[in-house]
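Labels below follow one simple rule: chain letters A, B, ... track the order of the sequence lines, proteins then strands, and each chain is numbered from 1. Side chains included, hydrogens not; waters and symmetry mates left out as well; all remaining heavy atoms used.
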Number of protein chains: 2
Amino acid sequence: MADQHELRDKGLRLTPQRELVLAAVRELGHATPEEVAEKVRQTHPGINLSTVYRNLETLENVGLVQHTHLGHGGATYHAAEELTHLHLVCGVCGSVGDAPIDVAANFVNALADDYGFKTDVTHFAVYGTCSACFAAESK
Amino acid sequence: MADQHELRDKGLRLTPQRELVLAAVRELGHATPEEVAEKVRQTHPGINLSTVYRNLETLENVGLVQHTHLGHGGATYHAAEELTHLHLVCGVCGSVGDAPIDVAANFVNALADDYGFKTDVTHFAVYGTCSACFAAESK
DNA sequence: TGAGACTTGCAAGTAACTCGCAATTAGGCT
DNA sequence: AGCCTAATTGCGAGTTACTTGCAAGTCTCA
């Protein structure tokens, strides 16, 4: 029942929709609001898209999920506990790879030291060309 | 007249709209399509927004401009020759700072060595909190 | 100068959210 | 256990930021 309490603990009401949205985000890893809605509809067909949007926002406010910009405009949501990696988005094939935050540690520190800028590397994706596409491209 | 040839050289037709869009991007540094349109309207009031979008796309295809995602969904355009810096977007105040690409060199290399991922650091903004907001936040 | 391809302007269309509001429902209280 | 109030949901309309189809206009090259 820890699952029921984490929402209550944050001062949120425990509604089926809310639980399902959170569960969907966790299960999907990273997903657009649309994908979350689709997932939730498997068990709760009537859920409205705006409810999904509002719940994602609410859950984000209390720190249970976070969104990341992977490009093209739309945001994708992650469970907060999974946000331990950064996203490598390939501009050619569109794939999204992961890399541990550590690889960016130097970069983050440099920005902090030189510009006082406190970087959240997970919020935006890192754009480039993945190894597969790079190999294909340069052939 | 080099200005007229650079478009022709790329195999593009030289239309007033096209020139003005390119000039606007250069003058504005970084701008949304909407801002480009507004700028162009100062000298060419009738220009249509879709013409701006299409020209930005065309100019991007031939490498004269590039777009960057600064968050919130919209893209901003830059003249290709100005893309020598990365963008530090503050999530609190929304300001966009610049930093030379060099600070990311280590990071880019690490990604290349460990993941074969060829990063284009200028394409996506770097998200975080600027020094001013960080100071204000932690008070 | 003339033909043909490329461009533009315009209007309608689409995608992805956002907002207002009435009906519903969770939770604390008694 | 039942009630009351505020939070939440569903729904429809509205908004924002582009995208697309097409006819009319314009640039190039021969």
Item to check | Side-chain donor/acceptor of Ser95(B) to backbone N/O of Cys90(B), under 3.5 Å | outcome: no

Checklist entry - In this structure, which one of Val96(B), Val36(B), Thr32(B), Leu28(B) forms a side-chain contact (heavy atoms from CB on, under 4.5 Å) with Thr76(B)? => result Thr32(B)

Checklist entry - Yes or no on side chain to side chain contact (heavy atoms under 4.5 Å, CB included) for Asp120(A) and Gln66(A), after CA distance, side-chain angles and deciding distance? => result CA-CA 12 Å; Asp120(A) 171 9; Gln66(A) 257 179 276; 4.1 Å; yes

Checklist entry - Atom CG of Leu49(B) to atom C1' of dT7(C): distance rounded to whole Å? => result 16 Å

Checklist entry - Roughly, in whole Å, what's the span from CZ in Arg18(B) to P in dT7(C)? => result 4 Å

Item to check | Under 3.5 Å donor-acceptor pair, Ser50(B) side-chain atoms to dC10(C) base atoms | outcome: yes

Checklist entry - Quick one: Tyr53(B) OH to dA11(C) P, roughly how many Å, whole number? => result 18 Å

Next on the checklist: Is there a side-chain contact between His44(B) and the phosphate of dG9(C), meaning an N or O under 4.0 Å from OP1 or OP2?
Outcome noted: yes

Checklist entry - Taking CG from Leu70(B) and P from dA17(D), how many angstroms apart are they, rounded to a whole number? => result 14 Å

Checklist entry - Do Arg13(A) and dG28(C) share a donor-acceptor pair, side chain to base, under 3.5 Å? => result no

Checklist outcome for this item: Atom CD1 of Ile47(A) and atom P of dG10(D) are separated, to the nearest Å, by 6 Å

Item to check | Options dG10(D), dT28(D), dC10(C), nucleotide nearest the side-chain atoms of Asn48(B) | outcome: dC10(C)

Checklist entry - Among dT18(C), dG28(C), dT8(C), which nucleotide sits nearest the side chain of Arg8(A)? => result dG28(C)

Checklist entry - How close or far is atom P of dT8(C) from atom CZ of Arg41(B), stated in whole angstroms? => result 14 Å

Checklist entry - Is there a donor-acceptor pair under 3.5 Å between the side chain of Glu60(B) and the backbone N or O of His67(B)? => result yes

Item to check | Qualifying residue for ring-ring contact (aromatic ring centres under 6.0 Å, His included) with Tyr127(A), from His87(B), His123(B), His69(B) | outcome: His123(B)

Next on the checklist: Does dT26(D) have its OP1 or OP2 closer than 4.0 Å to a side-chain nitrogen or oxygen of Gln17(B)?
Outcome noted: no

Item to check | Spacing of Glu34(B) atom CD relative to dT16(D) atom P, expressed in whole Å | outcome: 10 Å

Item to check | Upstream residue (5' side of DNA chain D) when Glu57(B) and Thr51(A) are each assigned their closest nucleotide | outcome: Thr51(A)

Item to check | Nearest-angstrom distance from the residue atom CG of Leu56(A) to P of dT9(D) | outcome: 11 Å

